[in-house]
Amino acid sequence: MSPPELRRGVVTIDGPAASGKSSTAEWVARELGFTHVDSGAFYRAVTAAVLRTGMPPGEWTPQLVLEAARIVSAALAGASMVPHLVGDPADAEIRNPQVTANVPRVARMPAVRAWVNAQVRQVATERPIVVDGRDMGTAVFPEADVKVYLVADPWERAKRRLMQHLRRLPTDAEIAAETDRLVHRDAADATQSVAARDAVLIDTTHLMQEEQVARIVALARAALGPA
Ligand code: DC
């Protein structure tokens, strides 16, 4: 027997870079039959859009960035609402190192944050969502049904990220270098990335992904109950 349908809801999953938020959120969304939204992907898409203008990053103003963001739209891909650029999927482009290096500069602009937040809120008015990011449980959905904040030891996060990219066991030197990059990214994002007071903190350092998914799904089912 399939579990009873849940009423419409919002589940937020926040946490630092490489804490496994997006893959966890996508999996949780599939379990609940909700739509997944990776808010970081929208910050990345806006950054990719402004990079396409060819304007040097030092000259980016909020106005220029918002102008460039007009080519970004949201589209459904499987269980996820993802950003498109000029109507096309842009997953590879938004993950390239130039975007990763410049996205904190864009994400610091209040006008850009308001734009991304509006996109994400719009999705939530249409369907139940599992949304991941840095401030989803604080600034964007303070009224969310379930709030989770994922933490993990930086060394473990670096190792997981490298295993995903390299598809082999990384060396200690590689993990050390990646840990350094992650700690710098954490510092660049620190203002936005704060756990909500009512968030459930989950330390995933020693958890398998399916265990963290199961915990969040259980929290959601308990909070949302049958329709
Ligand atoms: O999670 P990520 O690495 O894809 O995020 C990309 C960037 O966007 C990163 O600099 C943090 C920022 N971000 C943010 O400021 N607020 C969010 N809700 C999500 C991401």
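- Side-chain contact check for Thr179 and Arg157: no donor-acceptor pair (N or O, by modelled atom type) lies under 3.5 Å.
- Residues Asp14 and Val148 have side chains not in contact (no heavy-atom distance under 4.5 Å, counting atoms from C-beta outward).
- Using a distance-only test at 3.5 Å, with no hydrogens or angles considered, no donor-acceptor pair links the side chain of Thr47 to the main chain of Asn102.
- Between Ala68 and Thr53, the shortest heavy-atom distance links the atoms CB-CG2, 4.1 Å.
- Minimum heavy-atom separation, Gln212 to Gly20: NE2-O, 4.5 Å.
- Taken from CD in Glu31 to CD in Glu26, the straight-line distance is 11.5 Å, to the nearest 0.5 Å.
- A chain of hydrophobic side-chain contacts below 4.5 Å, direct or via other Ile, Leu, Val, Met, Phe, Trp or Tyr residues, connects Leu85 to Val123.
- In this structure the side chain of Glu178 never reaches within 4.5 angstrom of the side chain of Pro170, judged on heavy atoms.
- Shortest non-hydrogen contact noted between Asp186 and Ala17 is OD1-N, 3.8 Å.
- In this structure, a donor-acceptor pair under 3.5 Å is present between the side chains of Asp132 and His36.
- When the options Ile129, Val120, Asp38, Leu76 are evaluated for a side chain to side chain contact (heavy atoms under 4.5 Å, CB included) with Met81, the one that passes is Leu76.
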Next item on the list: Show the numbers, then the answer: is there a side-chain contact (heavy atoms from CB on, under 4.5 Å) between Gln119 and Val72?
Entry: CA-CA 10 Å; Gln119 307 297 312; Val72 181; over 6 Å; no
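- Closest non-hydrogen pair, Ala152 versus Asp203, comes out as CA-OD1, 3.9 Å.
- Note on Val28 and Leu219: same hydrophobic cluster, where clusters join Ile, Leu, Val, Met, Phe, Trp and Tyr whose side-chain heavy atoms are under 4.5 Å apart, directly or indirectly.
- Nearest heavy atom pair, residue Ala25 against residue Ile13, reads CA-CD1, 3.8 Å.
- Within 6.0 Å of atom CD in Gln98, 12 or fewer heavy atoms from other residues, nucleotides or ligands are found, so the atom counts as exposed in its surroundings.
- The local environment of NE2 in His165 is crowded, with over 12 non-hydrogen atoms from other residues, nucleotides or ligands closer than 6.0 Å.
- Side chain of Thr204 to main chain of Leu207: no donor-acceptor pair is present (N/O by atom type, distance under 3.5 Å, no hydrogens or angles).
- Under the 4.5 Å side-chain heavy-atom criterion for ILVMFWY residues, a single connected hydrophobic cluster contains both Val65 and Val86.
- Within a 6.0 Å radius of CZ in Arg215, no more than 12 heavy atoms belonging to other residues, nucleotides or ligands are found.
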Next item on the list: Test side-chain contact (heavy atoms from CB on, under 4.5 Å) on Ile216 and Trp27 and set out the steps.
Entry: CA-CA 10 Å; Ile216 301 168; Trp27 191 345; over 6 Å; no
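- With contacts defined as side-chain heavy-atom distances shorter than 4.5 Å, the pair Trp60/Leu51 qualifies.
- Under the 4.5 angstrom side-chain criterion for Ile, Leu, Val, Met, Phe, Trp and Tyr, the cluster partners of Leu169 are Met163.
- To the nearest 0.5 Å, the span separating OG1 on Thr12 from NZ on Lys21 amounts to 12.5 Å.
- At least one side-chain heavy atom of Thr100 sits under 4.5 Å from a side-chain heavy atom of Arg185.
- Taken together through direct or relayed side-chain contacts under 4.5 Å among Ile, Leu, Val, Met, Phe, Trp and Tyr, Val151 and Met136 form parts of separate hydrophobic clusters.
- Arg168 CZ: more than 12 foreign heavy atoms inside a 6.0 Å radius.
- For the pair Lys147 (side chain) and Pro142 (backbone), a donor-acceptor distance under 3.5 Å is present.
- Side-chain polar atoms of Ser23 and Arg160 form no donor-acceptor pair below 3.5 angstrom.
- By the 4.5 Å heavy-atom criterion applied to side chains, Val140 and Ser39 are not counted as neighbours.
- Nearest heavy-atom pair, Val103 versus Arg44, reported as atom, atom and distance to 0.1 Å: CG2-N, 3.9 Å.
- Between Arg113 atom CZ and Arg108 atom CZ the span is 10.5 Å, to the nearest 0.5 Å.
- Residues Trp155, Leu162, Ile175 make up the rest of the hydrophobic cluster containing Leu166, defined by ILVMFWY side-chain heavy atoms closer than 4.5 Å, directly or through other members.
- Not a single donor-acceptor pair under 3.5 Å links the side chain of Glu59 to the backbone N or O of Pro56.
- In this structure, OG on Ser19 lies 12.5 Å from CG on Asp153, to the nearest 0.5 angstrom.
- Listed for the Asp135 side chain is no donor-acceptor partner under 3.5 Å among the backbone atoms of Thr138.
- For Gln63 and Glu67, the side-chain atoms include no donor-acceptor pair closer than 3.5 Å.
- The shortest side-chain heavy-atom distance between Leu224 and Phe34 falls under the 4.5 Å cut-off.
- In this structure, Val10 is not a member of the same hydrophobic cluster as Val200, with clusters built from ILVMFWY side-chain heavy atoms closer than 4.5 Å.
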